[in-house]
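Down below is the structure, laid out as structure tokens.
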Amino acid sequence: MQKIVEVKNIEKIYGKADEKQYKALSDVNFDVEPGEFVGIMGASGSGKTTLLNILSTLDTPTSGQVQISGQDITKLNTNEMADFRANKIGFIFQDFNLLENLTAYENIALPLALQNTSSKKIDPAVMSISKKLGLTDILNHYPTELSGGQKQRVAAARALVHDPSIVFGDEPTGALDSKSARALLDTMSKINHEDNVSILLVTHDPFSASYCDRIIFIKDGEIGQELKKEDHTRGEFYQEILDSLGTFAD
Amino acid sequence: MLNKLALSGIKHRMRDYSVLFSGLIIASAIFYMFMSLATNSSFLNANSPAAATSFIYGFGAVLLAIITIVYINYANGFLLSMRQKEYGMFMMLGAKSSKISRMIFVETFTIGAIATLIGTVIGIVATGFVSQLIIKSLDMQVKHFNSFYVPALLSTFAFFIVIFIFSALKNSISLRLTKVLTLLHMDSQPVRIKKNKFLKAFQVILGIVFLAIGYTAIIMMGHNPVLIYLGVPVALFTIVIGTYFMINAVITTVITALKKNKKFAQKGLNNFTLSQLSFRISDYTKILSMVSIMFALALGAITVGMGFQNQISTVVNGQAYYDVTVNNINDAQQERIDKLNVKEETTYAYKFKDDTIYYQSDEFEKVPFKYQKFNMKSMVGETASTKKPKDDASYELLNNNLPRYRTAKVEMVDKNKFDTINAKANSLTLVKTDSFKQNLTQIKKINQAEQKRFPELKQAGASKYDSYLLINGFFSGLEFMGLFLGIAFLAMLASCLMFKILSGASSDVKRYNMLYKIGTRTKVLRSNINKEIAVLFAVPAGLGIIHVLIGLQMFSKILIKPYMNIEIPFGIFIVLYLGYYFVTRYLYKKIVLK
Ligand SMILES: Nc1ncnc2c1ncn2[C@@H]1O[C@H](COP(=O)(O)OP(=O)(O)O)[C@@H](O)[C@H]1O
Ligand SMILES: [Mg+2]
């Protein structure tokens, strides 16, 4: 089966030739299979956001190749990149990034409206994803009237409403209390299992990471070891992550 | 250390600061320019026969002062919006609020002072340049005009120093009073639009009623100028309130209705644009209504000013029928007359004896004398012709002649009697051209030559050309002020709106960045911004234009054709306004789409 994400020899250098240069990523290689829930873990400053920005066409690599659903995204022009993000990718950001002048419903509907989906199809799509995420009661609220956890679930609904090939999350639980974080991760994991949505989650938090099928460790811009959940329970996997963080940090 | 940080903050926002700076410079330049006219009494007295003009200029100065204060207030808001977050951060990091408020005080005042200095210098240069331009292009009679005028300079400095001290105080107090957290999250504080349908409907009705009262007052004033003292305040009051309600209620109602239309709302970014607008409009109601009222005044001032210019020909033509009169014509004068586009040319013979001036009745039988008759009913002059000049006609006939005969008695006699009168036979040549205005330069030459031939004409000044000079001088003064104030108002108001919009830009950065991330093409974002700003500009412009079109009714008795040449002031208005629109959306995009 075709891989969802294929990253080959990616390198990212910040700073122009005449400025101070900083190598944020070097020789990064990995894949994501369809329906997989992959975590990328690393300390702050290790290059996670940089990597995610490249995967989501918000930034371009200095060298290397990224294929998403078989399409080489490093060769797209800016319009194609925008369309690609609109059609193929769902985003969940740490700081929610909801538009506070739109209601929850309107926020969720936005990606569909951007694709010029007919308004007849928008409503059922929004309703079905909202039901799955338990948002039906708050659809007419504005973001300021919602709790952090609710906001993040609205953001998740927005990321999922247009059936993207893959959902990217950059520390989506970073601004949530532990209870809301757990609820969000449960939902994401449920959607991953039931609807076979591929998810790539970037985090420095072992607890969040324990929800993933597979974890790729990144340090100083380089991929280190990989950890697979196989048929461990989440608790066992969590312990395993903590152990390898101990060794990986050295 | 903090000062250094604050300075580097300014450096990072150099472009925004230069917008603010040039805005302030323009304000002080305009203020100086007007002051150099309004406080320059030698200029005023030389140019206007009526003492009223001095009052008109004083009134204009007050209006300009008010609009300048409002303008600086918006520019100041823009400055504060740029600095709030940064100063909030300093405070969070432990800087004392007294220190911070002192810093913003110094910053505001310094910016204001430097801008005023540069502005006045530009004002002096511009005054010289613009006044020459206007005086030449409109054939105005402006004497004693000196662009460097100390009282104007002093009043400009005094005015702006006071304003900037107040602005600086206002900024430092508002920073001191706002909580650090609010400062830091200034941009994420949306206001929910109030959705009280009953109140909205009530406001719509109220708006329409007030506008109707205002417009009726204007039309009534037009029919009966005596009502002006009561009508102007009533109209101003009701139209201001009506406009406020119209913008507040009608526009938000329209937006809500559009949002309800799913087909429209759920297309691309429409929903986002509508939401942005509905949040904005309720926040902008005050400025939008103010801008539309002021636009109406400014546009009205230009239109009426130019209306007076159009009036010149009409008034001049109402003074006398014939454009040129020549006594005892000689070859040189005949040659000059031949260069005119002559429509009619008549020569009457006359003799003067014993305080009586004799004309031949058969000459008048052949070519009747034409004159301007004042119609008491319609209040306008109309052309009449007569074979036996009496009253008005004989008065005008005398006025066409040399001053020494003007107190004489007119008598019509037949040819035989005329020949027997023992006096020198003279002739009076009367010429009517196809257009007084278009033949002006040639008429001027004939007039000058005639004055050389008969020096007594120099003092008398009763020729049509002389009355033209007088009337032109008066109306040009009015027009000059209408144009100047009108354009100054337009420029400042449009930039008030610009500053208001740009003040909100920094809080939009995050929104547009998010839209970009989830895959909105930059082109779509751009056109969305264009649309949004276009609506914000169009609302006051549209209302303002309606106000002017109806407001001109007020002048239907004073101006003969109040709507004549209306496309010129509207053209100026649209060009200026579009200019501001394009600058605003350019700067907005620069701030928002990084
Ligand atoms: N635009 C940029 N210019 C220069 N350096 C950057 C830029 N963005 C990130 N970096 C650097 O690249 C490294 C990785 O950053 P990032 O990907 O944000 O890390 P993480 O998300 O894992 O915390 C950091 O050292 C950061 O300072
Ligand atoms: Mg990061």
Side-chain angles (χ1 to χ4, degrees), chain A residues 52-53 56-59 76-93 95-103 105-123 125-126 140-145 151 155 158-159 161-162 164 167-168 170, chain B residues 182 184-195 252 255-256 258-284 504 507-528 532 592-594:
Chain A
L52 205 63
N53 283 346
S56 55
T57 72
L58 290 173
D59 202 352
L76 302 176
N77 65 33
T78 42
N79 278 339
E80 289 166 341
M81 280 183 185
D83 293 345
F84 179 82
R85 287 199 296 279
N87 295 317
K88 298 280 170 62
I89 296 178
F91 279 106
I92 311 176
F93 304 94
D95 50 358
F96 321 128
N97 253 323
L98 296 175
L99 294 170
E100 66 271 23
N101 52 13
L102 296 182
T103 60
Y105 180 98
E106 291 163 345
N107 264 292
I108 298 171
L110 197 58
L112 294 176
L114 279 179
Q115 293 178 31
N116 287 325
T117 310
S118 78
S119 59
K120 268 191 218 110
K121 287 187 193 150
I122 289 183
D123 200 52
V126 173
N140 282 323
H141 288 54
Y142 284 93
T144 39
E145 299 159 350
K151 276 192 234 181
R158 187 184 62 194
V161 73
H162 57 302
V167 173
F168 290 129
D170 191 353
Chain B
T182 331
L184 280 174
H185 302 291
M186 218 47 165
D187 40 52
S188 43
Q189 310 228 338
V191 244
R192 206 185 218 288
I193 354 166
K194 291 169 209 97
K195 277 195 182 143
T252 43
I255 290 175
T256 319
L258 280 178
K259 277 194 91 157
K260 283 230 177 79
N261 178 348
K262 289 236 151 122
K263 239 191 181 144
F264 176 79
Q266 295 192 333
K267 201 151 169 252
L269 281 181
N270 284 351
N271 218 336
F272 175 72
T273 313
L274 290 174
S275 301
Q276 286 273 91
L277 277 174
S278 67
F279 276 95
R280 284 259 152 84
I281 295 270
S282 48
D283 180 24
Y284 280 35
S507 63
D508 273 342
V509 174
K510 241 176 93 179
R511 288 179 204 144
Y512 281 98
N513 188 27
M514 191 240 114
L515 287 174
Y516 170 76
K517 276 187 181 166
I518 68 166
T520 317
R521 288 184 177 201
T522 330
K523 206 178 96 194
V524 177
L525 291 179
R526 283 174 183 283
S527 81
N528 184 63
E532 194 184 320
V592 167
L593 305 174
K594 293 216 176 98

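We name chains A, B, ... by the order of the sequence lines, and we start the count at 1 in each one.
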Checklist entry - From B:Met514 CE over to A:Asp95 CG, what is the distance, rounded to the nearest 0.5 angstrom? => result 11.0 Å
Item to check | Side chain, backbone, both or neither of A:Ile89 within contact of chain B (heavy atoms, under 4.5 Å) | outcome: neither
Next on the checklist: Restricting to non-hydrogen atoms, name the atom on B:Leu515 and the atom on A:Leu99 that form the minimum distance, rounded to 0.1 Å.
Outcome noted: CD2-CD1, 3.8 Å
Item to check | Sequence-distant partners of B:Tyr512, ring pair (Phe, Tyr, Trp, His ring centres under 6.0 Å), two or more places apart | outcome: B:Phe272
Next on the checklist: Between A:Leu58, A:Asn53, A:Asn116, who has the most heavy-atom pairs with chain B when the cutoff is under 4.5 Å?
Outcome noted: A:Leu58
Item to check | Stepwise side-chain contact (heavy atoms from CB on, under 4.5 Å) check, A:Asn97 with B:Asn513 | outcome: CA-CA 9 Å; A:Asn97 253 323; B:Asn513 188 27; over 6 Å; no
Item to check | Atom group of A:Phe84 that falls short of 4.5 Å from chain B, counting heavy atoms | outcome: neither
Checklist entry - Just how far is it from atom CG of A:Asn79 to atom CZ of B:Arg521, taken to the nearest 0.5 Å? => result 4.0 Å
Checklist outcome for this item: Rounded to the nearest 0.5 angstrom, the CG-CD distance for A:Leu110 and B:Gln266 is 10.5 Å
Item to check | Option that, when pairs with chain B are counted at under 4.5 Å, heavy atom only, ranks first among A:Ser56, A:Pro111, A:Ser119, A:Ala109 | outcome: A:Ser119
Checklist entry - Looking only at heavy atoms, which two atoms of A:Ala86 and B:Gly519 are closest? And how far apart? => result CB-O, 3.4 Å
Checklist entry - Could you state the interatomic distance from NZ (B:Lys263) to CD1 (A:Ile122), rounded to the nearest 0.5 Å? => result 12.0 Å
Checklist outcome for this item: chain A shares the most heavy-atom pairs under 4.5 Å, among B:Thr520, B:Leu274, B:Ile518, with B:Ile518
Next on the checklist: By the salt bridge (Lys or Arg N to Asp or Glu O under 4.0 Å) test, which pairs, at least two apart or in different chains, include something from residues 111-121 of chain A?
Outcome noted: none
Checklist outcome for this item: Of all heavy-atom pairs linking A:Leu102 and B:Ser275, the shortest is CD2-OG, 2.8 Å
Checklist entry - Considering only heavy atoms, which portion of A:Thr117 lies under 4.5 Å from any heavy atom of chain B: side chain, backbone, both, or neither? => result backbone
Next on the checklist: Looking at A:Glu100, is its backbone amide N or carbonyl O close enough to the side chain of B:Arg511 to form a donor-acceptor pair, meaning the two atoms are under 3.5 Å apart?
Outcome noted: no
Next on the checklist: Whether B:Lys517 engages the ring of A:Phe168 as a cation-pi pair (distance to the six-membered ring centre under 6.0 angstrom, angle to the ring normal within 45°) should be assessed.
Outcome noted: no
